[in-house]
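To keep things clear, I will list the structure first and then write my remarks on it.
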There are 2 protein chains.
Amino acid sequence: MTSTDQPQRPAVRPTRQRRAVAAALAGFDDFRSAQEIHDLISRQGDSVGLATVYRTLSTLAEAGEVDMLRNEDGEAIWRSCSDTHHHHLVCRTCGATVEVEGPAVERWASRIAEEHAYAEISHTLEIFGTCPACR
Amino acid sequence: MTSTDQPQRPAVRPTRQRRAVAAALAGFDDFRSAQEIHDLISRQGDSVGLATVYRTLSTLAEAGEVDMLRNEDGEAIWRSCSDTHHHHLVCRTCGATVEVEGPAVERWASRIAEEHAYAEISHTLEIFGTCPACR
DNA sequence: CGACTTTTGAGAACCATTGTCAAACCGAGG
DNA sequence: CCTCGGTTTGACAATGGTTCTCAAAAGTCG
Ligand SMILES: [Zn+2]
Ligand SMILES: [Zn+2]
Ligand SMILES: [Zn+2]
Ligand SMILES: [Zn+2]
């Protein structure tokens with residue numbers, strides 16, 4: 001019996017590239033685009049292909065290690081976040097981010113979904129504005 | 001004095017194309033992509049360039065006549081909505097939409113922004129799920 | 001009917017994101 | 001340390017939604 005119990009996970013390997021992306025993510029606390037992250041990595045001397053940056057970010061996002069959301073232009077932006085469910089207050093200009101929680105909102109959302117019999121619910125809730133520093 | 005009081009609006013003209021887009025929008029009540037709307041128009045016999053569809057939708061959105069939001073792939077989707085501020089419960093599969101309101105959420109969002117001194121606030125709040133019909 | 005301004009559309013251009021696939025890499029055994 | 005098989009990478013092509021270009025077409029108004 002080789003493996004009937006374990007779902008046979010793909011075995012993620014700790015490579016130089018993945019370490020570089022993780023390091024870059026640890027280096028800022030605002031939301032950044034994949035391209036910006038790619039640039040940051042290059043600027044630090046490391047060299048990681050853009051496609052790999054995208055792949056790594058997607059993987060991390062699926063694992064819940066980073067949050068991905070879309071700015072008002074529809075571009076994906078990423079950030080290493082705390083692992084509890086939360087939302088964001090994001091500066092439209094510089095990306096400065098504050099994690100926020102709203103238990104009442106969570107309840108409201110699930111109640112709404114329930115009332116209309118929608119299943120497999122997910123929700124997006126982000127607040128955009130101009131931070132004090134960018135005024 | 002030609003015009004110092006009126007901000008000199010661009011004078012939007014009622015063209016066949018704009019009427020066609022408006023008619024298409026009136027023909028469905030779920031969120032659709034620009035391409036889908038373009039197809040609907042063609043299917044109704046009218047012919048409107050895709051670029052014009054985009055232009056018209058953008059104009060209508062700025063005027064608050066339609067709502068634009070992004071699906072989970074980041075694509076813009078559009079819908080003719082009521083003119084009061086509201087949010088949406090959208091079926092991930094068929095696009096079926098329910099407009100929802102949450103006064104408490106609105107208050108929560110502005111309080112959060114205020115607490116962190118962010119200005120020019122806007123927020124996005126959408127709930128995605130699978131509607132009863134799509135189960 | 002002109003003179004003037006806005007609008008349109010076919011196609012090119014953009015550009016973020018994803019796909020391709022051979023070469024490089026990793027880790028476990030041997 | 002060497003080998004073997006699956007994993008990962010990266011240069012580059014390909015996608016696909018959206019915007020740009022600009023000459024031709026269509027409103028507006030006297
Ligand atoms: Zn977060
Ligand atoms: Zn939430
Ligand atoms: Zn709406
Ligand atoms: Zn609101």
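Chain letters run A, B, ... following the sequence lines, proteins first, then strands; residues in each count from 1. Computation of the quantities below employed the complete heavy-atom set of this structure, encompassing side-chain atoms and omitting hydrogens, waters and symmetry-equivalent molecules.
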Atom CG of B:L50 and atom P of C:dT7: how far apart are they, to the nearest Å? 18 Å

Taking for B:I77 and for B:R19 the nucleotide of DNA chain D with the nearest heavy atom, the one nearer the 5' end belongs to B:I77

Indicate whether OP1 or OP2 belonging to C:dA16 is found under 4.0 Å from a side-chain N or O atom of A:Q35. yes

Going by the angle between their ring planes, with limits at 30° and 60°, are A:H87 and A:H123 parallel, tilted or perpendicular? tilted

B:S58 versus B:R55, side-chain donor and acceptor atoms under 3.5 Å: no

Let me know the distance between CG of A:L69 and C1' of C:dA16, rounded to the nearest Å. 16 Å

Looking at the side chain of B:A34, which of D:dG10, D:dT18, C:dT7 is the nearest nucleotide? D:dT18

Without decimals, in angstroms, what is the distance between B:R70 CZ and D:dT18 P? 7 Å

Which listed nucleotide (D:dT9, D:dG27, D:dG10) is nearest to the side chain of A:R18? D:dT9

OP1 or OP2 of D:dT8 under 4.0 Å from side-chain N/O of A:Q17: no

Listed nucleotide nearest any side-chain atom of B:A51, set D:dT7, C:dA10, C:dT17: C:dA10

Examine D:dG10: is either OP1 or OP2 under 4.0 Å from a nitrogen or oxygen in the side chain of A:R16? Give yes or no. yes

Contact class for A:S47 (heavy atom, under 4.0 Å): base, sugar-phosphate, or nothing? sugar-phosphate

Ignoring backbone atoms, establish whether B:R13 has a side-chain N or O less than 4.0 Å from OP1 or OP2 of D:dA25. no

Atom-pair distance (OH on A:Y54; P on C:dT17), nearest Å: 4 Å

Nearest-angstrom distance from the residue atom NE2 of A:H38 to C1' of C:dC15: 15 Å

Under-4.0 Å side-chain N/O to phosphate OP1/OP2 contact, A:T15 with C:dC25: no

A:E75 CD to D:dT18 P: how many Å, rounded? 13 Å

Whether the side chain of A:R16 engages the backbone of A:S47 through a donor-acceptor N/O pair (distance < 3.5 Å, no angle test) should be reported. yes

Does the base of D:dT19 carry an N or O that pairs as donor and acceptor with the side chain of B:R55 under 3.5 Å? no

Side chains of B:V21 and B:Q17: does their closest heavy-atom pair fall under 4.5 Å? no

Does the pair B:R92 and A:S122 meet the rule for a side-chain hydrogen bond (donor to acceptor under 3.5 Å, both in side chains), with working shown? CA-CA 10 Å; B:R92 211 178 273 118; A:S122 69; 3.2 Å; yes

How close or far is atom P of C:dA16 from atom CH2 of A:W78, stated in whole angstroms? 14 Å

Rounded distance in Å - CG (A:D46) to P (D:dT9): 13 Å

What's the closest nucleotide to the A:P14 side chain, out of C:dG27, D:dG17, D:dT28? C:dG27

